[in-house]
Amino acid sequence: DVQLQASGGGLVQAGGSLRLSCAASGFTSDDFAIGWFRQAPGKEREGVSCINRSANTAYYADSVKGRFTISTDNAKNTVYLQMNSLKSEDTAVYYCAGDTPWRCGGTSSARASFWVHWGQGTLVTVSS
């Protein structure tokens with residue numbers, strides 16, 4: 001079974017940084033995509049970023065471009081989301097998701113309903 005373990009959330013002041021980790025296991029191939037999504041109270045889950053691990057191509061939501069960076073350590077099967085210049089509106093539960101590699105890069109990159117595998121969330125709280 002595919003398992004995704006997200007970690008790294010916490011409380012940070014506005015302007016600060018956090019790094020989230022998503023440890024993946026159980027994929028039958030090394031070729032898969034990992035996406036990061038977030039959900040704030042009362043809001044829909046939205047796509048933040050994703051990466052096609054084998055092609056090393058990434059997608060970013062406009063709201064995080066220039067502030068967040070996604071990266072992968074293929075040896076550890078771990079994907080990171082470095083979040084800098086955090087704002088109060090970044091406060092949410094962050095989830096990582098996994099799917100086939102072409103899930104990241106097309107119109108479904110940011111659409112949670114298209115992604116198959118999900119980890120538990122990790123809470124990010126940005127205080128202003």
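Numbers here are sequence positions counted from 1.
- If you take CG on Leu81 and OG1 on Thr122, they are separated by 11.0 Å, rounding to the nearest 0.5 Å.
- Thr57 contributes no side-chain N or O that, together with a main-chain N or O of Ala55, makes up a donor-acceptor pair within less than 3.5 Å.
- The aromatic ring centres of Phe27 and His117 sit less than 6.0 Å apart.
- For the residue pair Trp115 and Ser109, the shortest heavy atom distance occurs at NE1-O, 3.2 Å.
- Across every non-hydrogen atom of Ala92 and Ala40, the tightest pair is CB-N, 3.8 Å.
- Around the CD atom of Glu89, the shell of radius 6.0 Å holds more than 12 heavy atoms that belong to other residues, nucleotides or ligands.
- Shown here for Thr72 and Arg53, the closest heavy-atom pair between the two residues is OG1-NE, 3.6 Å.
- By the 4.5 Å heavy-atom criterion applied to side chains, Met83 and Val12 are not counted as neighbours.
- A heavy-atom distance below 4.5 Å is found between the side chains of Leu20 and Val124.
- Residues Tyr80 and Asp73 are in side-chain contact: their nearest non-hydrogen atoms beyond the backbone lie under 4.5 Å apart.
- At a cut-off of 3.5 Å, with distance as the only test, no side-chain donor of Ser29 or Asp31 sits close to an acceptor on the other residue.
- The two atoms that bring Gly47 and Ala61 nearest to each other are O-CB, 3.5 Å, heavy atoms only.
- Note: Ser128 OG to Lys87 NZ = 13.5 Å, rounded to the nearest 0.5 Å.
- No donor-acceptor pair closer than 3.5 Å links the side chain of Ser88 to the backbone N or O of Val126.
- When all heavy atoms are compared, the tightest approach of Glu46 to Arg38 is OE2-NE, 2.6 Å.
- Residues Phe32 and Val79 are not in side-chain contact: their nearest non-hydrogen atoms beyond the backbone lie 4.5 Å or more apart.
- Hydrophobic clustering of Ile, Leu, Val, Met, Phe, Trp and Tyr side chains at less than 4.5 Å, counting indirect connections, unites Ile70 with Leu4.
- Partner of Trp118 under the ring-ring contact (aromatic ring centres under 6.0 Å, His included) criterion, chosen from Trp36, Phe37, Tyr94: Phe37.
- Ile51 is not listed as a side-chain neighbour of Tyr60, based on a closest heavy-atom distance of 4.5 Å or more.
- Leu123 and Tyr95 fall within the same hydrophobic cluster, where Ile, Leu, Val, Met, Phe, Trp and Tyr residues are linked whenever their side-chain heavy atoms come under 4.5 Å apart, directly or through other members.
- Linking Ile, Leu, Val, Met, Phe, Trp and Tyr whenever their side-chain heavy atoms come within less than 4.5 Å leaves Val48 and Phe114 in two separate clusters.
- Here the closest non-hydrogen pair linking Cys104 and Asn52 is SG-N, 4.0 Å.
- Shown here is Arg67, whose CZ atom has more than 12 heavy atoms of other residues, nucleotides or ligands within 6.0 Å.
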